[in-house]
Amino acid sequence: MYYKQYGNTDMKVSAIGLGTLRYDEEDIKAGRFEKCAEIPLYAFEKGINYWDTAPFYCDDKSEIVTGIALSQVKRSDVYVTSKTNFNTLGSNPTRDDFRRRLEMSLDRLKTDYIDFYHMWCMMNLESWEKHMEALYKFFEEAKSEGLIRNIAFSSHMQGNDIETVVETGKFKGMLIGYNALNYRFRQSGIEAAHKNGMGVVVMNPLGGGTIPQNPEAFRYLTEGTDLTVPQAALRFVASHKEITVTLAGCTTKEHIDDAVKAVEGLEERPAKEIVKAYEDRGVSLNNLCTGCGYCVKGCPKKIEIPKFMDAYNQYIFTGEQERVLGRLDSHWDMEKKIAQNKAKECIACGKCEKACTQHLPIIERLKEIAAL
Ligand code: SF4
Ligand code: SF4
């Protein structure tokens, strides 16, 4: 395993981290938590010492499974994370709400401290400011008591906004989505964090499945290697000098082996060089939906936006408009006329665009689809 230094600390973390939101669904449903815990334990055997978890993952069982594994290794050999925000605490949280949630995470993780506790999923500066005002003091208090070791944040903001947060100096590290789809949006953010001595952990390195599902569009990442497209996409992220840990969501031991192979003999390079090397390759990647699903909640018309945006991706990949309705029909089982009528229901309220992690013009795209 290849290790990197976490920001300006003396912590050495594995270049691949374990994302714990993909424990086997059937096992989770059946309550076979010990079996699921074999995944972090196997990851540990392979040198992965950074485990990222949160409430709600895997039907809210991820922390429990991760805790079972954590209790079977020497605690100081693993860095474990968890997260909190208004979604977990309610919109007007008190100190007691914060403490109750933190204690629940500690209890589930069977530990008396969390290495990185995240102010979770900051979608924009406005939301971040509200969280800072309501919660940061509770984070600091928990840190002073040793319940959490480091305060981090996770975000779907773009580069400039991330820079604003980073420059407050309030966080030891950050967790952001970064991949071969969206890197141009986020590059300045990771550079700023690195420059400020922060650890940078990356989630969603495969673009929510978009990369493995469109291997031809991303084949260029594999050139000169014997890696598969998903492995090359992991390596693409991990090779950034500014990025400390690349999270791989693993369901099976093979997934772990694949991820470990992706960073064998890793060579680190500055983001600027990497971006330059790739800038004229592939398709117009920042325009793509990654299928993260953040836009769905709150659509007053219950439009399944990720399905429509995934179908629109096909147009971006191929330049063929007819692919959009074809994809909705064949892949998402939405008969063309029904899909178009649904797209027409959009009342342009803008809620989805505010929530979109890729900042896509969803309303415009739905209009286009309706008019095809
Ligand atoms: S803009 Fe349209 S698709 Fe987006 S949330 Fe509003 S109604 Fe739904
Ligand atoms: S439209 Fe945006 S928020 Fe919705 S799934 Fe796609 S990338 Fe995510």
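Read the numbers this way: they start at 1 and go in the same order the structure lists the ligands and their atoms. Bear in mind that the values here come from a model prediction, so they are computed numbers and not experimental data.
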Checklist line | Atom CD of E140: over 12 foreign heavy atoms under 6.0 Å | finding: yes
Item checked: Neighbouring protein N, O or S atoms of atom 2 (Fe) of ligand 2 [cut-off: under 2.8 Å, no waters] -> C356 SG
Next item on the list: Please write out which residues are connected to V245 in a hydrophobic cluster, directly or through intermediates, given that two of Ile, Leu, Val, Met, Phe, Trp, Tyr count as joined at side-chain heavy-atom separations below 4.5 angstrom.
Entry: Y6, M11, V13, Y50, Y79, F116, L175, V201, M203, L247
Note to self: Tell me the protein heavy atom at minimum distance from atom 8 (Fe) of ligand 1, and give that distance in Å.
What the structure shows: C299 SG, 2.4 Å
Next item on the list: Mark up the atoms of ligand 1 that fall under 4.0 Å of a heavy atom belonging to L366, in ascending order.
Entry: 3 (S)
Check: Residues in side-chain hydrogen bond (donor to acceptor under 3.5 Å, both in side chains) with R323, at least two apart?
Finding: E320
Check: Crowded around D77 CG? As in, over 12 foreign heavy atoms under 6.0 Å?
Finding: yes
Margin query: If you count heavy atoms of other groups shown closer than 6.0 angstrom to CD of E145, is the number above 12?
Written below: yes
Note to self: Less than 4.5 Å apart, side chain to side chain, heavy atoms only: is that true for E163 and S188?
What the structure shows: yes
Checklist line | Test item: F139 and K170 side chains (from C-beta on) under 4.5 Å apart, heavy atoms | finding: no
Notebook entry, point to check: Counting from 1, what ligand 1 atoms have a heavy atom of I363 closer than 4.0 Å?
Noted result: 1 (S)
Next item on the list: Specify the protein heavy atom at minimum distance from atom 6 (Fe) of ligand 1: its residue, its atom name, and the distance to 0.1 Å.
Entry: C349 SG, 2.3 Å
Next item on the list: Using side-chain hydrogen bond (donor to acceptor under 3.5 Å, both in side chains) as the criterion, list what pairs up with D257, not counting sequence neighbours.
Entry: Y42
Note to self: Checking a contact table here: which protein heavy atom is nearest atom 7 (S) of ligand 1, and how many Å away?
What the structure shows: I347 N, 3.6 Å
Notebook entry, point to check: Do NZ/NE/NH1/NH2 and the carboxylate oxygens of K272 and E191 come within less than 4.0 Å?
Noted result: yes
Note to self: Just to confirm my output: which protein heavy-atom neighbour is closest to atom 2 (Fe) of ligand 1, and how far is it?
What the structure shows: C346 SG, 2.4 Å
Note to self: Suppose we measure from atom 5 (S) of ligand 2 to each protein heavy atom; which comes out shortest, and what is that distance?
What the structure shows: G293 N, 3.1 Å
